[in-house]
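See below for the structure under consideration.
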Amino acid sequence: QYSQAGIVHRFSTTTEHGKLSEDSTVPSDVESDMALLANAPVLFRTPSSFSLWPALARPEGEDGTVFSAPNLVLPFADWTWETADFGPHWHWIHAPLLSGTVVEHHGFTFEDSGPWIHWLETH
């Protein structure tokens with residue numbers, strides 16, 4: 001449906017423990033990340049205040065399409081709302097989230113990505 005869309009790879013690991021590739025190859029200024037999110041052909045976001053603001057700044061209509069997982073609420077997170085009516089261009093989709101609670105429950109570690117990648121593929 002969104003044939004004009006492209007994928008911008010922003011997160012991957014490096015050989016340096018605990019460091020992501022965007023820490024060394026992508027400019028660190030927050031404004032460029034916000035602009036990337038606000039102007040993406042289609043925005044897929046997870047619950048975070050960082051991605052919420054550029055998602056809300058997008059134009060209404062097809063040019064501002066947003067797909068978002070509902071926010072996690074107490075006791076799993078500090079959000080006080082799961083979904084809201086931001087207009088017909090905003091689509092709430094239920095998807096599994098690799099939250100801190102899930103990571104702790106399964107004992108996932110940054111160094112061993114296999115188990116949490118398997119969890120994402122199977123949920």
Side-chain angles (χ1 to χ4, degrees):
Q1 181 179 359
Y2 301 102
S3 59
Q4 78 283 12
I7 297 175
V8 177
H9 293 281
R10 300 290 287 187
F11 299 97
S12 62
T13 59
T14 65
T15 56
E16 205 172 327
H17 171 70
K19 186 173 185 178
L20 300 177
S21 61
E22 72 273 12
D23 294 334
S24 57
T25 61
V26 176
S28 62
D29 42 317
V30 173
E31 293 86 0
S32 65
D33 290 342
M34 290 279 190
L36 179 71
L37 295 173
N39 293 297
V42 176
L43 177 59
F44 291 86
R45 66 173 293 274
T46 57
S48 78
S49 58
F50 185 84
S51 66
L52 177 64
W53 293 110
L56 292 172
R58 296 166 60 77
E60 290 191 25
E62 189 174 321
D63 289 341
T65 301
V66 175
F67 291 95
S68 179
N71 296 319
L72 297 174
V73 294
L74 294 171
F76 304 108
D78 292 334
W79 293 93
T80 58
W81 53 278
E82 289 183 306
T83 64
D85 184 3
F86 295 129
H89 65 291
W90 194 290
H91 307 279
W92 294 101
I93 55 172
H94 292 276
L97 296 174
L98 187 58
S99 66
T101 304
V102 172
V103 169
E104 185 177 317
H105 176 75
H106 292 282
F108 295 148
T109 63
F110 183 84
E111 298 82 13
D112 186 12
S113 61
W116 54 265
I117 289 174
H118 177 72
W119 184 91
L120 287 169
E121 291 173 339
T122 58
H123 289 80

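All residue numbers in this chain count up from 1 along the given sequence.
Shortest non-hydrogen contact noted between Ser68 and Trp90 is CB-NE1, 3.7 Å. Contact detail for His89 and His91: the closest heavy-atom pair is O-CD2, 3.5 Å. In terms of heavy-atom proximity, His94 sits nearest to Pro70 at CE1-CG, 3.5 Å.
From His118, atom NE2 reaches atom OG of Ser113 across 13.0 Å, with rounding to the nearest 0.5 Å. Note that CG of Leu56 is 12.0 Å distant from CG of Leu37, once rounded to the nearest 0.5 Å. In this structure, the separation between CZ on Arg58 and CH2 on Trp53 is 16.0 Å, given to the nearest 0.5 Å. In this structure, Phe50 CZ and Asp33 CG are separated by 4.5 Å, a value rounded to the nearest 0.5 Å. Rounding to the nearest 0.5 angstrom, the gap separating the CD1 atom in Ile117 from the CD atom in Glu121 is 7.0 Å.
Pairs passing the side chain to side chain donor-acceptor pair (under 3.5 Å) check and including a residue from residues 78-88, sequence neighbours excluded, do not occur.
For Trp119, the side-chain hydrogen bond (donor to acceptor under 3.5 Å, both in side chains) partners at least two apart in sequence or on another chain are His123. Every side-chain hydrogen bond (donor to acceptor under 3.5 Å, both in side chains) that Ser51 has, sequence neighbours left out, goes to Arg45, Ser48.
Between Val102 and Leu97 there is no side-chain heavy-atom pair separated by less than 4.5 Å. Looking only at side-chain heavy atoms (C-beta outward), Val103 and Trp116 stay at 4.5 Å or farther from each other.
Distance alone, capped at 3.5 Å, is enough to place a donor-acceptor pair between the Trp92 side chain and the Ala84 backbone.
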